[in-house]
Number of protein chains: 2
Amino acid sequence: MQTRLTIKDIARLSGVGKSTVSRVLNNESGVSARTRERVEAVMQQHEFSPSRSARAMRGQSDKVVAIIVTRLDSLSENLAVQTMLPSLYEQGYDPIMMESQFSPDMVEEHLGMLRRRNIDGVILFGFTGIDEKILQPWRSTLVLMARDASGFASVCYDDEGAIQILMSTLYQQGHRDISFLGVPHGDVTTGYRRHQAYLAFCRDHDIVPNAALPGLAMKQGYDHVVEVLTPKTTALLCATDTLALGASKYLQQQNLSEIKLASVGNTPLMKFLHPEIITVDPGYAEAGRAAALQLIGQISQGQQLRQIVVPSHLQ
Amino acid sequence: MQTRLTIKDIARLSGVGKSTVSRVLNNESGVSARTRERVEAVMQQHEFSPSRSARAMRGQSDKVVAIIVTRLDSLSENLAVQTMLPSLYEQGYDPIMMESQFSPDMVEEHLGMLRRRNIDGVILFGFTGIDEKILQPWRSTLVLMARDASGFASVCYDDEGAIQILMSTLYQQGHRDISFLGVPHGDVTTGYRRHQAYLAFCRDHDIVPNAALPGLAMKQGYDHVVEVLTPKTTALLCATDTLALGASKYLQQQNLSEIKLASVGNTPLMKFLHPEIITVDPGYAEAGRAAALQLIGQISQGQQLRQIVVPSHLQ
DNA sequence: CTGTTAGCGCATTCAA
DNA sequence: TTGAATGCGCTAACAG
């Protein structure tokens with residue numbers, strides 16, 4: 001590994017002082033166009049790139065952020081992360097990934113490590129049980145995903161909208177006995193809000209609600225569909241595609257495939273395995289991008305902590 | 001963000017010199033037990049942690065490695081990464097994640113960025129089309145996953161073993177007409193080796209081979225099963241669980257579910273959706289851990305470039 | 001507009 | 001066994 005060039009070398013090679021090089025590097029004003037060009041030429045020619053650690057030490061951030069997902073194999077989170085990464089790279093940020101496995105303790109542990117490392121910011125995929133107190137120190141450098149909390153920046157999906165779209169679609173197709181499979185209310189967004197939206201639609205359209213809230217896992221969908229099925233049921237709305245996958249398996253096994261399925265979450269896997277299921281894309285891609293930009297805005301320009309809601313789209 | 005403590009502060013607080021603190025920090029010899037204890041006590045008490053950037057600037061390594069996966073939503077790679085991350089954290093390394101999307105160009109682009117950042121090492125999930133030339137500069141700080149190349153450290157799955165186990169199992173169950181669904185030979189491991197192992201088993205057991213090698217995608221499995229089905233076929237072996245998922249859907253739709261499926265790759269999704277499929281775990285978890293340890297060994301102690309093969313396990 | 005100077009937090013000489 | 005001094009690559013304050 002041959003020793004890399006430093007601004008000192010660039011300065012010598014282009015016949016200027018170190019600080020001038022530094023100014024060019026940081027796009028600061030106060031450098032004549034001619035000088036700037038010359039220095040830039042030399043830098044290009046030698047493929048110069050400044051030492052991150054040295055910059056970091058000088059107080060600048062070292063441009064590292066963390067993304068804490070609940071699980072690496074979460075289909076929906078993956079879709080958001082997939083757009084997050086390029087957005088972060090583009091701005092020169094290195095994203096390090098961590099897995100919380102839905103454990104508040106792991107989150108706390110990870111955040112501790114991140115603080116010791118002097119990381120710039122965190123994008124955290126929220127879940128039930130996280131104590132907001134431990135997030136407090138990160139208030140200004142944190143973006144919460146899929147969950148909102150007062151005093152924190154966040155990017156949420158439009159839970160109500162998604163459910164409404166799906167319910168309307170089913171309703172328009174003639175369904176009047178629509179059951180619901182969701183998540184307990186401890187989960188405010190995926191659980192409470194989606195369930196409430198379902199109930200609201202039922203109320204407005206004279207539908208008798210019939211819901212169960214087993215949880216997030218595929219198996220829970222599979223095990224608990226039966227509870228919401230009546231002889232009259234013609235459609236089933238699932239709060240997540242994972243639940244729908246589980247439910248679908250059950251319905252198939254029981255030869256109940258005339259029951260129309262709908263779900264929030266439009267993952268490639270779903271699209272392939274069950275294209276017949278009506279899905280809404282909660283805007284994962286857009287959410288990922290929004291979160292990245294929000295975080296960068298906060299840490300680099302002290303941008304205000306917005307609570308963003310991305311719109312859903314019927315597929 | 002209150003200004004963090006430095007070794008200078010620790011030195012003052014414990015009444016020693018900066019360099020002594022530095023020595024304690026790095027577990028260097030030449031410090032009396034008493035002094036060491038005292039300094040360590042002060043550090044603990046103040047939760048001192050040294051500035052990464054400053055260390056990086058003095059030494060060389062800033063303890064950052066990159067993991068380049070083909071796709072964030074690859075089920076198998078996820079399982080390996082899941083054990084990689086903790087192993088890396090444990091050793092104080094920050095893993096940054098990148099996605100190649102099976103594009104050699106993206107790999108090159110990513111590696112370029114990583115070199116500019118002065119990253120310590122890379123774990124790269126291999127795929128067809130990567131030019132070894134661009135990997136050359138990383139020879140000593142790279143671990144290749146799921147692919148081997150002379151002159152590079154690597155962690156591979158036991159392709160032959162996995163296929164053998166599955167074929168034996170099917171054979172013992174009485175199957176004599178076993179077809180194969182795989183991946184083109186351009187992919188040396190998942191493609192060539194697994195196919196060859198299938199052919200070898202057939203040869204040794206008087207089975208008439210019947211194979212198609214459409215590719216890695218679920219849809220390709222779905223579309224091409226039909227080509228390997230004969231009226232006599234009783235079992236189908238798939239090179240990956242993704243293919244099996246596709247094939248399974250087809251068989252189900254065609255009411256051919258009496259055909260026994262087997263596949264390499266034991267992901268949670270498979271286990272839930274199709275527990276009836278015989279699977280082999282190629283040792284993803286172990287592979288992830290092995291790769292992390294190998295990489296760290298290389299970059300921190302110049303460990304030799306081993307080519308590791310992890311064993312498969314019948315589920 | 002530009003060069004010189006002085007640190008940032010740490011590891012590493014070199015003396016003591 | 002220890003502390004003081006030096007410099008890593010860079011930015012910021014201050015002179016010119």
Side-chain angles (χ1 to χ4, degrees), chain A residues 1-43 46-64 92 115-120 300, chain B residues 1-43 46-64 92 115-120 300:
Chain A
M1 173 145 51
Q2 77 245 319
T3 106
R4 295 170 29 123
L5 298 148
T6 74
I7 52 169
K8 197 165 134 193
D9 300 315
I10 301 297
R12 189 172 32 75
L13 288 166
S14 43
V16 301
K18 287 196 311 179
S19 31
T20 303
V21 177
S22 176
R23 285 185 187 106
V24 173
L25 218 48
N26 300 324
N27 275 315
E28 283 175 27
S29 60
V31 181
S32 75
R34 268 190 32 254
T35 311
R36 184 180 296 274
E37 273 176 34
R38 193 148 39 92
V39 174
E40 273 169 350
V42 175
M43 296 199 306
H46 294 272
E47 289 186 326
F48 169 76
S49 74
S51 147
R52 307 186 111 241
S53 13
R55 309 189 92 170
M57 216 178 56
R58 274 313 307 178
Q60 312 290 309
S61 83
D62 55 352
K63 295 210 158 201
V64 176
R115 198 171 44 67
R116 266 171 264 128
R117 302 263 164 107
N118 226 14
I119 236 92
D120 293 309
S300 68
Chain B
M1 176 145 48
Q2 77 245 325
T3 110
R4 294 168 36 120
L5 296 155
T6 75
I7 52 169
K8 197 166 136 192
D9 300 315
I10 302 297
R12 187 172 35 75
L13 288 167
S14 42
V16 300
K18 287 197 308 179
S19 24
T20 302
V21 177
S22 177
R23 287 187 185 105
V24 172
L25 217 47
N26 301 329
N27 273 316
E28 282 175 29
S29 59
V31 181
S32 75
R34 268 188 35 252
T35 312
R36 184 181 296 274
E37 272 177 33
R38 193 149 40 96
V39 174
E40 272 170 350
V42 175
M43 295 200 305
H46 294 272
E47 290 186 327
F48 170 76
S49 75
S51 147
R52 304 194 106 231
S53 14
R55 309 189 89 168
M57 214 174 63
R58 283 305 292 130
Q60 295 292 350
S61 149
D62 53 353
K63 293 208 149 203
V64 176
R115 199 171 44 65
R116 265 172 265 128
R117 302 262 163 106
N118 224 17
I119 236 94
D120 293 309
S300 68

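Labels below follow one simple rule: chain letters A, B, ... track the order of the sequence lines, proteins then strands, and each chain is numbered from 1. All values below were derived from every heavy atom in this structure, side-chain atoms included, with hydrogens, water molecules and symmetry-related copies excluded.
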What is the distance, rounded to the nearest whole Å, between atom [atom1] of [X] and atom [atom2] of [N]?
{"X": "A:R34", "N": "C:dT2", "atom1": "CZ", "atom2": "C1'", "answer": "13 Å"}
{"X": "B:R36", "N": "D:dT1", "atom1": "CZ", "atom2": "P", "answer": "10 Å"}
{"X": "A:N26", "N": "D:dA13", "atom1": "CG", "atom2": "P", "answer": "13 Å"}
{"X": "B:M57", "N": "C:dG9", "atom1": "CE", "atom2": "P", "answer": "11 Å"}
{"X": "A:I7", "N": "D:dC8", "atom1": "CD1", "atom2": "P", "answer": "12 Å"}
{"X": "B:N118", "N": "D:dC10", "atom1": "CG", "atom2": "P", "answer": "11 Å"}
{"X": "B:L5", "N": "C:dG9", "atom1": "CG", "atom2": "P", "answer": "10 Å"}
{"X": "A:R38", "N": "C:dC1", "atom1": "CZ", "atom2": "P", "answer": "15 Å"}

Check: [X] side chain, [N] base, donor-acceptor under 3.5 Å:
{"X": "A:S19", "N": "C:dG3", "value": "yes"}
{"X": "A:R55", "N": "D:dG9", "value": "no"}
{"X": "B:R23", "N": "D:dG3", "value": "yes"}

Assign [X] to base, sugar-phosphate, or nothing according to its heavy-atom contacts below 4.0 angstrom with the strands shown.
{"X": "B:T6", "answer": "sugar-phosphate"}
{"X": "B:V16", "answer": "sugar-phosphate"}
{"X": "B:S53", "answer": "nothing"}

Worked verdict on A:S19 versus A:R23 for side-chain contact (heavy atoms from CB on, under 4.5 Å): CA-CA 6 Å; A:S19 31; A:R23 285 185 187 106; 4.0 Å; yes
With sequence neighbours excluded, tell me which residues meet side chain to side chain contact (heavy atoms under 4.5 Å, CB included) with B:L5. B:D9, B:H46, B:F48
Starting at the 5' end of DNA chain D and moving along, which residue's nearest nucleotide shows up first, B:S32 or A:K18? B:S32
Going through the distances and angles, do A:S49 and B:R115 end up as a side chain to side chain donor-acceptor pair (under 3.5 Å)? CA-CA 10 Å; A:S49 74; B:R115 199 171 44 65; over 6 Å; no
From the list A:V21, A:V24, A:I10, A:V42, side-chain contact (heavy atoms from CB on, under 4.5 Å) partner of A:V16 resolves to A:V21
side-chain contact (heavy atoms from CB on, under 4.5 Å), that's the test. Do A:L25 and A:M43 meet it? Break it down for me. CA-CA 9 Å; A:L25 218 48; A:M43 296 199 306; 3.6 Å; yes
Between C:dT2, D:dT1, D:dT11, which one does the side chain of A:S22 approach most closely? D:dT11
Can you find a side chain N or O atom of A:S51 that sits less than 4.0 Å from OP1 or OP2 on D:dG9? no
